[in-house]
Amino acid sequence: ERLAELLSDENIAFTLLEDDPPASAGVILTHGSLNTGWSLAENVVLLTDNEIFGVVKKQRGQGKHVSAKRYADFLSAISVGDYIVHTDHGIGRFGGMTNMSTHGNEREFLILEYAEGDKLYVPTDQVENVSRYVGSGGGAPSLTRLGTQQWLKAKQKVEKRAGEIARELMELYSERQIVSGYSFSADNVWQQELEASFPYIETKDQLEAINAVKEDMERAKPMDRLVCGDVGYGKTEVAIRSTFKAVMDGVQVAVLVPTTILAQQHFTTFTERLGAFPVTIEVLSRFRSDKEQHDVLRRLEKGEVDVCIGTHRLLQKDVAFKNLGLVIIDEEQRFGVEHKERLKKMRSEVDVLTMTATPIPRTLHMALTGVRDMSVMETPPEERLPIKTYVAEYDEELIREAILRELDRGGQVFFVHNRVQTISHVATKLMEIIPEARVAIGHGQMPERRLEQVMLDFASGTSDVLVCSTIIESGLDMPNVNTLIINQADKLGLYQLYQLRGRVGRGTNRAYAYFLYRQGKELTDTAQARLKTIFQATELGAGFQIAMKDLEIRGAGNILGSEQSGHIAAVGFDMYSRMLAEAVRRLKEEKGFAKDEKPAEYMHPSIDLPLAAHIPEYYVDNLDVRLSLYQRLSKITSLEEIDEITKEFKDRFGAYPNAVESLLYAIKVKILGGYAGVESISTDSNQIMLKMNEGVGLNKEMLLTSGVKVGTGFVWLDVDYLRTRWQSVLFKTLEKMAAIGK
């Protein structure tokens, strides 16, 4: 279709070939599946779309790998000995699980240990009330004393502060809603051509992120969207398409990146993708001379530059745009407080797109509480393999073996040593360990031109090992580098370790990462926690998991300023987040921004029925697996999800016993009860009693059937009358009530 349009524009006659042979010579268009064409005796030439448009589409993965653990799952993963928070009873310690008999039926309970030796037994059907405690800096919290007002007072104090914080956040939100931003035009033909030239088939997540960004840009209010996706998941393409959309409307785009090297790489990528279109792209960084920088600034102010890619240099006062309409920020957490203030000011004026692989807790939290919009890309490229990760003491034999293995397959190595004073000594030592390798040095204190040349030479393959500082941690794309060795890894932060590991494994080859620490050194608890996390979080797309673990290790005080640290420590990050999210929702509702939004959490009723509802130990013997299944069941909000997990039980563990069948029934009852507005379901003498939530009305005429009584705020089922039929009658009654509720 596009070829037909182009030929028509140039007044070139053509024939569309269907099934019959062409009637005459000339230009003929047909559908086919060849990568390259051919010529035959000079009078027939076949050209493919690849040869005409210069693009071959490569299929990306469509979810073959298990995606990253999400925020909620990560916070809910509990092991014996972990500190926990119970919604109603406070901070305790998880002591394992036990079986007990209630109503003559065996059930499984969580054992929670509190101050003064107090214990609380929580039935597994109420596991949604328990979450892992993540406080401030990983310190041990004070355990709550059961039967006192201690927990209630702590919650009330934090709830009050959460309301104040929510009001501050809402001021920012309200400002963005009221300010009239630029409304970009719908996609034009050139936009379609650019997108068609992308050499991969987009993943579902990527398309959703692209569409969300475009919709935001076409609205009248300024965009503030966070796109979260692991390294190599296609964030740059989202940036390129939004950049082009902005330029097509005659406005300028600023692309802000944390390092000079990444600025240079983005400049190359953007130039390659947009080279076929009349777009002027410039880069502003310390790799440019003063004269070159001055020239770029002059042209920016005149509007002669469409896209400017740069480091924090872009945020300085001498930088002036003629008509700035879109700011793209890569890894916002790498910028200082002063820079963030400038960015905050921009947010109320122009569209802002932030991209990150590992969102810091503040950014992640704000996104999750609805003050910022967020798109998450979790589908990895099809050919991408998880990186083999090792944590070990420094060992010359190990280093030699790792480098030799990479060189034997024609690859290259990053050797990270983050002390510039001793980097030359380390490089010399490496040359002694492995004289076969060509070693180069690169770090941020080198003269700009020399560093640029070192990086270009390494990229072109003139050296095998680059001994470097953490300057490589952001965004570098060198598919031939597939072994990473980090010296003194215990001195780096978790976020840095994760970003550095993302520099390898960007091609189709298996990548290796070695995190080394000095021989015989006793690691601090924090360093051990970091290295343990980086070793465990090897699945593709572990960015969310890393962000939340980083929060746990470093503390949550930086979510909204250090003064919040005490409030978060008092109730745990999970509960603080829920309180804040609910406060934001209520305020949005008050101001008319969220009339249709549901409460922050779907509320299950509590149930107490004469059922042996649990997962027997003989059926699933691993305690952690059993607990994770209970937690998953507690989060289910639809009967369709029950069907899915029922199949999983059969696939993983075989035909399930009656106790599991009763458990699945109980979950269905809770789901229907939630939709029906039921607060609790319990057994009283020969009756099952349904207590309704406050304000829920009942249609007595629709519910009155044999054995069912309806009162003000209550429904009773006569168990004695129903005998063995009570389960089906309860289910059908709740189905009817849920239908009325909906």
Side-chain angles (χ1 to χ4, degrees), residues 71-72 75-76 78 82-95 110-116 118-123 126-170 361-362 365-366 368-371 548 551-552 555-590 598-606 631 634-635 679-680 693-694:
Y71 159 85
L75 276 180
S76 65
I78 302 169
D82 284 350
Y83 290 103
I84 54 85
V85 180
H86 188 288
T87 311
D88 301 320
H89 301 286
I91 300 168
R93 192 185 280 109
F94 179 48
L110 279 69
I111 306 168
L112 308 185
E113 299 164 350
Y114 284 87
E116 307 293 328
D118 293 348
K119 285 189 179 179
L120 181 71
Y121 295 90
V122 179
Q126 293 176 25
V127 75
E128 68 269 14
N129 294 325
V130 180
S131 61
R132 191 157 63 90
Y133 174 86
V134 175
S136 188
S142 300
L143 300 183
T144 307
R145 180 75 201 269
L146 293 180
T148 67
Q149 295 291 304
Q150 181 188 351
W151 178 240
L152 183 63
K153 286 177 181 174
K155 275 191 1 180
Q156 286 171 343
K157 186 179 177 184
V158 174
E159 207 160 33
K160 183 185 174 189
R161 184 58 187 138
E164 292 167 9
I165 296 282
R167 210 163 285 282
E168 291 169 25
L169 291 175
M170 280 309 300
R362 176 193 171 94
H365 179 70
M366 286 182 73
L368 289 166
T369 50
V371 182
M548 295 317 300
L551 160 70
E552 185 176 0
N558 62 343
I559 290 172
L560 293 157
S562 57
E563 72 279 4
Q564 295 315 305
S565 187
H567 299 298
I568 293 157
V571 295
F573 178 74
D574 189 37
M575 176 153 284
Y576 183 88
S577 299
R578 280 188 273 170
M579 285 177 169
L580 189 52
E582 179 57 24
V584 168
R585 187 196 68 81
R586 281 200 305 268
L587 274 172
K588 282 170 82 174
E589 203 169 57
E590 278 176 29
K598 291 178 181 176
E601 291 185 81
Y602 170 88
M603 298 303 293
H604 284 307
S606 62
Q631 288 173 319
S634 74
K635 293 185 179 73
E679 182 185 308
S680 64
N693 283 310
E694 198 175 328

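Heads up: numbering here begins at 1 and tracks the sequence.
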(request) Locate the shortest heavy-atom distance separating Tyr114 from Leu120; write the atom from each residue and the value. (result) CE1-CB, 3.8 Å

(message) If I compare all heavy atoms of Tyr133 with all of Val85, which pair ends up nearest, and what's the gap?
(response) CD1-CG2, 3.6 Å

(message) Minimum heavy-atom separation for Pro605 and Ser680, please, with both atom names.
(response) CB-N, 4.1 Å

(message) If the condition is salt bridge (Lys or Arg N to Asp or Glu O under 4.0 Å), which residues does Glu679 pass it with, not counting sequence neighbours?
(response) Lys691

(message) Under the rule for side chain to side chain contact (heavy atoms under 4.5 Å, CB included), what residues qualify as partners of Lys157, not counting sequence neighbours?
(response) none

(request) Please report the closest heavy-atom contact between Ala570 and Val158, naming both atoms and the distance. (result) CB-CG2, 4.1 Å

(request) Output all residues satisfying side chain to side chain contact (heavy atoms under 4.5 Å, CB included) with Ser634, sequence neighbours left out; order by chain, then residue number. (result) Val127, Glu128

(request) List for me each residue that meets side chain to side chain contact (heavy atoms under 4.5 Å, CB included) alongside Ser142, sequence neighbours excluded, and say none if there are none. (result) none

(message) If you compare all heavy atoms of Gly163 against all heavy atoms of Ala583, which two are closest, and at what distance to 0.1 Å?
(response) CA-CB, 4.1 Å

(request) Enter the distance from Leu112:CG to Ile91:CD1 here, rounded to the nearest 0.5 Å. (result) 12.5 Å

(request) Please report the C-alpha distance between Ile111 and Tyr121 in whole Å, then the side-chain angles of each, then the deciding distance to 0.1 Å, and finally whether the side chain to side chain contact (heavy atoms under 4.5 Å, CB included) criterion is met. (result) CA-CA 5 Å; Ile111 306 168; Tyr121 295 90; 3.9 Å; yes

(message) Rounded to the nearest 0.5 Å, what separates atom CG in Leu146 from atom CD in Glu116?
(response) 10.5 Å

(message) Just to verify, what does Asp118 make a salt bridge (Lys or Arg N to Asp or Glu O under 4.0 Å) with, not counting sequence neighbours?
(response) Arg145

(request) Could you tell me whether the side chain of His89 reaches within less than 4.5 Å of the side chain of Thr144, counting heavy atoms only? (result) no

(message) Check this for me, if you would: do Arg167 and Glu164 make a salt bridge, where the nitrogen-to-carboxylate-oxygen distance has to be below 4.0 angstrom?
(response) no

(request) Any chance you could measure Trp151, atom CH2, to Gln156, atom CD, to the nearest 0.5 Å? (result) 12.0 Å

(request) Look at the side chain of Lys155 and the backbone N and O of Thr87, then say whether any donor-acceptor pair between them is shorter than 3.5 Å. (result) yes

(request) Using side chain to side chain contact (heavy atoms under 4.5 Å, CB included) as the criterion, list what pairs up with Glu694, not counting sequence neighbours. (result) none

(message) Please determine whether side chain to side chain contact (heavy atoms under 4.5 Å, CB included) holds for the pair Met579 and Arg161, giving the CA-CA distance in whole Å, both sets of side-chain angles, and the decisive distance to 0.1 Å.
(response) CA-CA 10 Å; Met579 285 177 169; Arg161 184 58 187 138; over 6 Å; no

